[in-house]
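Reading through the structure tokens given below for one structure.
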There are 4 protein chains.
Amino acid sequence: MARKLVPEQHEGKRHEILEAAHRCFLRHGLQGASVSMICKEAGISPGHLYHYFPSKEAIVEQMADEYLARLHGVFGRQRETGDAATVLLSEIWSMESWEDTAHCRILFELLAEAGRNERVRAILARNTDGVRVLLSQVLKAGQERGEVDPALDPEHTSAMLIAIVDAAPMLPLMVPGIRFDESRALITTMVRRFLRPEGQV
Amino acid sequence: MARKLVPEQHEGKRHEILEAAHRCFLRHGLQGASVSMICKEAGISPGHLYHYFPSKEAIVEQMADEYLARLHGVFGRQRETGDAATVLLSEIWSMESWEDTAHCRILFELLAEAGRNERVRAILARNTDGVRVLLSQVLKAGQERGEVDPALDPEHTSAMLIAIVDAAPMLPLMVPGIRFDESRALITTMVRRFLRPEGQV
Amino acid sequence: MARKLVPEQHEGKRHEILEAAHRCFLRHGLQGASVSMICKEAGISPGHLYHYFPSKEAIVEQMADEYLARLHGVFGRQRETGDAATVLLSEIWSMESWEDTAHCRILFELLAEAGRNERVRAILARNTDGVRVLLSQVLKAGQERGEVDPALDPEHTSAMLIAIVDAAPMLPLMVPGIRFDESRALITTMVRRFLRPEGQV
Amino acid sequence: MARKLVPEQHEGKRHEILEAAHRCFLRHGLQGASVSMICKEAGISPGHLYHYFPSKEAIVEQMADEYLARLHGVFGRQRETGDAATVLLSEIWSMESWEDTAHCRILFELLAEAGRNERVRAILARNTDGVRVLLSQVLKAGQERGEVDPALDPEHTSAMLIAIVDAAPMLPLMVPGIRFDESRALITTMVRRFLRPEGQV
DNA sequence: TATGAATGAGGGTTCATTCAT
DNA sequence: GATGAATGAACCCTCATTCAT
């Protein structure tokens, strides 16, 4: 009798491979990580990987999609827990040290790749858009409550805030030894002052 | 004698090769750009390239060094021309459109590489340090003139500002169609409000 | 009982697979057509194919055998319908255009393969022999009736005629645009004159 | 000082590689012969081969071109040496045994490939055209001298004769043990009778 | 200085085949 | 009978680098 289809198993394996790929990409870069490396990390044979993905390119793209969705998922979960700045920075405040931001460095890989690869750029844009909508809502709610300067355009401001949050992991690369908690506090201060309505102290 | 000019010629050629490499790295990434591509772009033979550089790695590192020095050179030139925020953002204000930031995308390549390559990380750190010193001086001068909040630590703040400036080129990658002048204005607003002494409007 | 039908079902499936293989071989060549392609064309899984054939080699060989038997079957069916040349060329006259010869191009695949693969050569030889016997009989009958030059050795002549018939499909490959009916008429003329007893016009 | 360009050396090496490729293709087929096999046969490294040819496809095509030009070169050389049939069959008469036709089997590879590869088909067509022109001239001259039936269309007839000559090497594949000299004699007879003006014995 | 011939390891990918279910 | 997961060798090709000239 034919073996029953087990799509969940298939999906599970796909996910495992994507995670293995993520680790390899972190260590060696999107281009530096070879398919055979990913296979070794995932514990499968090179031929078998192509049972799950049609190409390395597809692995990169799906890894990017899954990673960004998870990364930005933090926002969705904390939407109603506090004032605007707190929610906007929830991603950063969910981390404790630069080590926690290490996996974020895949973002630089993706930004670099997005600069020359239209498909990766589209994936980045699509995922950013999702967060932008959330942040815009938070900003508008803040404006209605008088916590956020009504002169700020929610669309542009949310984009800017995402950029700042995503840029944070570059700090320890540029300034080795810089302290995580101090940087986080500074970013928070900056964002608070930025959003605060004029004349309010 | 003619011989004396030779070392300058040598340096000139090295510089040409580094610029060719920069263009290739922009188009294909640090790992995606091959030595033979760089040779073609520079108009020399592969064997000859190794007369000027011991390895591709060395090309990356020296390109990074030269690029970062030039990029941050803007700060040094405009140190005394205005208030703190103006000087701090002079790099952004020296650009007119996202096209002008295209060459900056090599920064993402370098940040991605810095995440896994100690030597590139050191180069990034060294060059950032140079700008940090300049920005710290600007901030301190601003604090003395009462233009900048004295509660802000100049060291940390300057690091943060560099990160923000360097993060700007990621905006069009994440939000296709976002306008350059609006983004620039928003960044400026943010930085002004951030630096402004408390109670001052 | 139902069980008795199983072997026939088995043979039917084998035949289906061989036909799928034939189509793939036509499109991509004996070596260019992969097992997984054949499986897709036949609508079965790769594992299942090995239930019917021990190897790809076996598929090639049995496809060759079946194909050649069918191709040359035309001769057997028209043995008594006309003069020697007509019968000898019945294969060509059963076709209407170069499109009808398309499936014959598998012959070039087989000839190419026969040049380096002893087993395929044997299959080709065995199937050719079958036709040769038929054609020799036709030639001998023609000689007895005075229609065919008695000086021609039936064995050699029949081999030559098979080669000519099998070579016809190469004409459109070498001379694109060449007309089918004109070529067929020319071949017929050639064969008639060849076989005709000396002195007879 | 730069090494002087030695284009002849380059061309010489290319030719060597093409010959090595030809041998490999004969042994294993166009698709069955691997690049690394060709490299081993040519005594070079796999990377180096791509100094001379951009792809395996290019090797096949140039090998085909060179091979066909050489093969059909025989015709050009013997144009004025005898009667029409002799010239037309000069290619066959320049050989002594089936061994001499072995290298011709590459033709079956090319015919098989031409059936699915437009570029190879074009190469085949172009090279055939060259011979067709020569043979047509021979036929017309023969018609003027009264040696060749004036009713035969030189264009079509020459195409047919090329097909017959090229089909000869398939004889030993289909009929193992068939004798070369007998086959050659039979082909000659056939062609003579075919071309001979009606009524002439 | 400068060339391009030369290497061989490794790139991503496909292959024929096997096996547990 | 039938599936598709799994293998690992081999596919074509590109890589960074060296070397004789």
Side-chain angles (χ1 to χ4, degrees), chain A residues 1-7 9-10 13 31-39 42-60, chain B residues 6 9-10 13 31-39 43-60, chain C residues 6 9-10 13 31-39 42-60, chain D residues 1-7 9-10 13 31-40 42-60:
Chain A
M1 172 98 56
R3 188 157 67 194
K4 252 188 66 190
L5 269 173
V6 192
Q9 250 182 43
H10 190 84
K13 196 79 185 176
Q31 313 189 42
S34 74
V35 167
S36 75
M37 264 176 60
I38 295 172
C39 289
I44 61 172
S45 65
H48 196 29
L49 182 137
Y50 287 83
H51 226 70
Y52 295 96
F53 298 93
S55 66
K56 184 190 171 185
E57 214 186 347
I59 296 177
V60 168
Chain B
V6 168
Q9 273 177 17
H10 189 83
K13 196 77 184 175
Q31 300 171 326
S34 73
V35 168
S36 76
M37 262 176 61
I38 296 171
C39 289
I44 62 172
S45 65
H48 197 31
L49 181 137
Y50 285 82
H51 211 76
Y52 294 97
F53 298 93
S55 67
K56 185 189 171 185
E57 215 187 346
I59 296 176
V60 168
Chain C
V6 168
Q9 271 179 19
H10 189 83
K13 196 77 184 174
Q31 298 170 329
S34 73
V35 168
S36 74
M37 263 177 61
I38 295 171
C39 289
I44 61 172
S45 65
H48 197 33
L49 182 137
Y50 285 83
H51 211 77
Y52 294 97
F53 298 93
S55 67
K56 185 188 170 184
E57 215 187 344
I59 296 175
V60 168
Chain D
M1 169 98 59
R3 187 155 70 194
K4 253 187 68 189
L5 270 171
V6 191
Q9 250 182 40
H10 189 85
K13 195 79 184 178
Q31 314 190 42
S34 73
V35 167
S36 76
M37 264 176 61
I38 295 171
C39 288
K40 230 161 267 169
I44 62 173
S45 65
H48 195 29
L49 181 137
Y50 287 84
H51 227 70
Y52 295 96
F53 298 92
S55 66
K56 184 190 170 184
E57 214 187 346
I59 296 176
V60 168

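Letters go in sequence order (proteins before strands), and every chain restarts at 1.
- Computed from coordinates, the D/K56 NZ to F/dC13 P distance equals 8 Å when rounded to whole Å.
- In this model, the phosphate group of F/dG8 is not approached by any side-chain N or O of A/H48 to a distance below 4.0 Å at OP1 or OP2.
- As a whole-Å value, the separation of D/I44 CD1 from E/dA9 P is 16 Å.
- Between A/Q31 and A/K56, the closest heavy-atom pair is O-NZ, 3.5 Å.
- C/S36 has no side-chain polar atom (N or O) that falls below the 4.0 Å cut-off from OP1 or OP2 of E/dA16.
- Within the 4.0 Å cut-off from OP1 or OP2 of F/dG4, not a single side-chain nitrogen or oxygen of A/H51 is found.
- Listed here is the closest heavy atom pair of D/H10 and D/H51: CE1-O, 3.9 Å.
- Contact annotation: A/Y50 does not reach the phosphate of F/dA6 (side-chain N/O to OP1 or OP2, under 4.0 Å).
- Looking at heavy-atom distances under 4.0 Å, C/A33 makes contact with sugar-phosphate atoms alone, never a base.
- Atoms CD (B/Q31) and C1' (F/dT14) sit 15 Å apart, rounded to a whole Å.
- Both C/G47 and D/S55 lie close to DNA chain F; mapped to their nearest nucleotides by heavy-atom distance, the more 5′-ward contact belongs to C/G47.
- A stem is defined here as three or more consecutive Watson-Crick or G-U pairs, each with both distances under 3.5 Å; for DNA chain E these stems are E:2-21 with F:2-21.
- Using a 4.0 Å heavy-atom cutoff across all strands shown, D/V35 reaches sugar-phosphate atoms only and no base atom.
- Ring pair A/Y52/A/H48 is perpendicular by interplanar angle, where above 60° counts as perpendicular and below 30° as parallel.
- As rounded to whole Å, 15 Å separates atom C1' of F/dC15 from atom CD of B/E57.
- Contacts of A/L49 with the nucleic acid, taken as non-hydrogen atoms under 4.0 Å apart, are absent.
- One atom, CD of A/Q9, and another, C1' of E/dT21, lie 11 Å apart when rounded to the nearest Å.
- Residue D/S34 is in sugar-phosphate contact alone, with no base atom involved, counting any heavy-atom pair closer than 4.0 Å across all strands shown.
- The separation between C/M37 atom CE and E/dT14 atom P is 13 Å, rounded to whole Å.
- For C/K13 and F/dG1, the NZ to C1' distance is 10 Å, given to the nearest whole Å.
- Atom C1' of nucleotide E/dG12 and atom CD1 of A/I38 are separated by 10 Å, given to the nearest angstrom.
- Nearer the 5' end of DNA chain E, as judged by each residue's closest nucleotide, is the contact made by B/P46, out of D/S45 and B/P46.
- Of all the heavy atoms in D/I38 and D/L49, the pair that sits closest is CG2-CD1, 4.1 Å.
- In this structure, D/P46 and D/C39 approach most closely via the heavy-atom pair CA-SG, 3.4 Å.
- Within the 4.0 angstrom heavy-atom criterion, no nucleotide atom of any strand lies near C/F53.
- When the side-chain nitrogen and oxygen atoms of D/Y52 are compared with OP1 and OP2 of E/dA5, none of them lie within a distance under 4.0 Å.
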